[in-house]
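A short worksheet on the structure shown next.
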Amino acid sequence: MKIIDMHTHIFPPEIISQRVEIAQDEPWFGELYSSPKAKMVDAEQLLASMAQAGIAHSITFGFPFVNLSLRQVCNDYVLENAAESADQLLPFVLVSPKDENLVDEMRHLAERGAQGFGELMPHGQGFGLNDPATDLLIATAQALNKPVMIHINELFGHNYAGKSGPGPKAALLLAERHPQARLVFAHWGGGLVYYETMPEVQAALQNVYYDSAALLYLYDDRAFRIGLELARERLLFGTDYPLIGQERFVQHVQRLGLDETDLNAFMCLNAARLLNIPLEEET
């Protein structure tokens, strides 16, 4: 079975080396990365982690800085390293609804090989999911046939760095406005997947996927089984590496005793279908 990690972050070395200075001008980045204990990795480190964990492909992206120039540095780095990785790295790119030339930039990034857009962080980037410009971003991605990944937070439980921003209700309303768009709500959609026990909610979310980024810090192991019961074909394995080690997360999931069909869908097939990754070479 191939393993596809839907959610990883990498940084250009120059951003890693300047984290303290950048944190002074980028409050959201500073909240998450100003501490030297907050791990930041480059593309080479991600590839080494994948080899150790047995991961075939990783969707990867930089950080959604408010500063457009910093985002462009991240996008260039991700696209260039993905192009050199023999499809091991699959690039998502960073945009903001507040960008002046949003549509042209999204088209340009798609032409350069972007597989999707994200991870967008509404609170950190200063936009709302109900903003008209956000609707334009989603509609443009849909026209380009690219998915959009959005950071969604759970509203309950313990506090941690970065816990703020839109929750499940705002995510649901966005999906209802764009029923044909392919949306990936990170972090289990802040628990939105569990509201799919309500028939009208499940009907509104048929094109919505959820990734498991950072799930080991948020829920107990029932989260996987209940999620698979509700949205088996739309759950995506994502680690949030380097926040959580890829090998650790893979081993944790493998110990859950999931049905083989569920495990294969979650770890591989759903992401492959979302991103049109060929799997013919599997034996």
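Remember, predicted model here, so these are calculated numbers, not experimental data. Side chains included, hydrogens not; waters and symmetry mates left out as well; all remaining heavy atoms used.
- Note: the hydrophobic cluster containing Tyr33 does not contain Val20 (ILVMFWY, side chain heavy atoms under 4.5 Å, direct or indirect links).
- Using a distance-only test at 3.5 Å, with no hydrogens or angles considered, a donor-acceptor pair links the side chain of Thr134 to the main chain of Gly128.
- Heavy atoms from other residues, nucleotides or ligands lying under 6.0 Å from CD of Glu14 number more than 12.
- Counted by atom type alone, Arg232 and Asn270 present zero donor-acceptor pairs between their side chains at under 3.5 Å.
- Judged by distance alone, the side chain of Tyr194 and the main-chain N or O of Ala223 form a donor-acceptor pair under 3.5 Å.
- Linking Ile, Leu, Val, Met, Phe, Trp and Tyr whenever their side-chain heavy atoms come within less than 4.5 Å leaves Leu94 and Leu68 in two separate clusters.
- The line from CZ of Phe185 to OH of Tyr209 is 13.0 Å long, rounded to the nearest 0.5 Å.
- At a threshold of 4.5 Å between non-hydrogen side-chain atoms, the residues Leu79 and Pro91 count as touching.
- Across every non-hydrogen atom of Val93 and Ala114, the tightest pair is CG2-CB, 3.6 Å.
- In the hydrophobic clustering of ILVMFWY residues, with side-chain heavy atoms under 4.5 Å counting as a link, Val193 and Leu256 come out together.
- Atom CD of Gln251 sits in a crowded spot, with more than 12 heavy atoms from other residues, nucleotides or ligands closer than 6.0 Å.
- Under the 30°/60° scheme for interplanar angles, the aromatic rings of Phe249 and His252 are found to stand perpendicular.
- In summary, the aromatic rings of His7 and His187 are positioned with their centroids under 6.0 Å apart.
- Here the shortest heavy-atom pairing between Ile244 and Ala214 reads CD1-CA, 3.7 Å.
- If you take CG on Leu243 and OG1 on Thr8, they are separated by 12.0 Å, rounding to the nearest 0.5 Å.
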Check: Could you go step by step and tell me if Val41 and Ile16 meet the side-chain contact (heavy atoms from CB on, under 4.5 Å) rule?
Finding: CA-CA 8 Å; Val41 299; Ile16 296 175; 5.8 Å; no
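- Counting only heavy atoms from C-beta outward, the side chains of Phe224 and Leu215 approach each other to under 4.5 Å.
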Next item on the list: Evaluate the criterion side-chain contact (heavy atoms from CB on, under 4.5 Å) for residue pair Asp240 and Tyr217; output intermediate values, then yes/no.
Entry: CA-CA 11 Å; Asp240 216 351; Tyr217 288 155; over 6 Å; no
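- Counting heavy atoms from C-beta outward, Ile15 and Met40 have side chains that approach closer than 4.5 Å.
- Pairing each heavy atom of Lys2 with each of Pro278, the nearest pair is NZ-O, 4.0 Å.
- Separation of atoms CD (Gln254) and CG (Leu263) is listed at 7.0 Å; rounding is to 0.5 Å.
- No donor-acceptor pair closer than 3.5 Å links the side chain of Tyr77 to the backbone N or O of Ile10.
- Of the possible polar contacts, one joining the Gln125 side chain to the Val95 backbone as a donor-acceptor pair under 3.5 Å is found.
- Residues Ile22 and Leu70 are in side-chain contact: their nearest non-hydrogen atoms beyond the backbone lie under 4.5 Å apart.
- Under the 4.5 Å side-chain heavy-atom criterion for ILVMFWY residues, no single connected hydrophobic cluster contains both Ile152 and Leu173.
- Between Phe29 and Phe65, the ring planes lie tilted relative to each other; the angle falls in the 30° to 60° range.
- Using a distance-only test at 3.5 Å, with no hydrogens or angles considered, no donor-acceptor pair links the side chain of Asp211 to the main chain of Leu236.
- Of the N and O atoms on the side chains of Gln246 and Ser58, at least one donor lies less than 3.5 Å from an acceptor on the other residue.
- In terms of modelled atom types and a separation under 3.5 Å, the side chain of Lys146 and the main chain of Ala110 share no donor-acceptor contact.
- For the pair Arg234 and Glu196, the salt-bridge criterion is met [side-chain N within less than 4.0 Å of a carboxylate O].
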Note to self: The test is side-chain contact (heavy atoms from CB on, under 4.5 Å); show your working for Arg71 and Asp99 and say whether it passes.
What the structure shows: CA-CA 11 Å; Arg71 270 189 278 127; Asp99 291 342; 2.9 Å; yes
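- Separating the CG atom in Leu218 from the CH2 atom in Trp188 is a distance of 11.0 Å, to the nearest 0.5 Å.
- Between the side chain of Arg273 and the backbone N or O of Glu233, at least one donor-acceptor pair lies under 3.5 Å.
- Between Val103 and Met106, the closest side-chain pair of non-hydrogen atoms is not below 4.5 Å.
- Pro12 places a side-chain heavy atom less than 4.5 Å from the side chain of Val73.
- The shortest distance between side-chain heavy atoms of Asp42 and Phe11 does not fall below 4.5 Å.
- Considering every non-hydrogen atom in both Ile277 and Ile4, the closest pair reads CD1-CD1, 3.8 Å.
- Using a 4.5 Å heavy-atom cutoff, the side chains of Val66 and Trp28 are not in contact.
- Exactly one of Leu46, Leu90, Leu47, Asp5 qualifies for a side chain to side chain contact (heavy atoms under 4.5 Å, CB included) with Thr60. That residue is Leu46.
- Under the 6.0 Å cut-off for aromatic ring centres, Phe61 and His9 qualify, their centroids lying closer than that.
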Margin query: Evaluate Asp259 against Leu228 for side-chain contact (heavy atoms from CB on, under 4.5 Å), listing each step before the verdict.
Written below: CA-CA 10 Å; Asp259 174 89; Leu228 283 163; over 6 Å; no
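- Within a 6.0 Å sphere centred on OH of Tyr195, heavy atoms belonging to other residues, nucleotides or ligands number 12 at most.
- Around CD of Glu229, the count of heavy atoms belonging to other residues, nucleotides or ligands within 6.0 Å does not exceed 12.
- Heavy-atom minimum distance, Pro168 versus Gly189: CG-O, 3.8 Å.
- Hydrophobic cluster membership is shared by Val78 and Leu144, with clusters built from Ile, Leu, Val, Met, Phe, Trp and Tyr side chains linked at under 4.5 angstrom.
- Thr140 places a side-chain N or O within 3.5 Å of a backbone atom of Leu136 that can act as its donor or acceptor partner.
- Between the CE atom in Met267 and the OG atom in Ser212 there is a gap of 8.5 Å [rounded to 0.5 Å].
- Separation of atoms CZ (Phe237) and CG (Leu235) is listed at 12.5 Å; rounding is to 0.5 Å.
- Sparse packing is recorded around CD of Glu100, with 12 or fewer heavy atoms of other residues, nucleotides or ligands lying under 6.0 Å away.
- Heavy-atom minimum distance, Pro122 versus Leu129: CG-CD2, 3.7 Å.
- When Leu183, Leu172, Leu230 are each tested for a side chain to side chain contact (heavy atoms under 4.5 Å, CB included) with Leu205, only one passes: Leu172.
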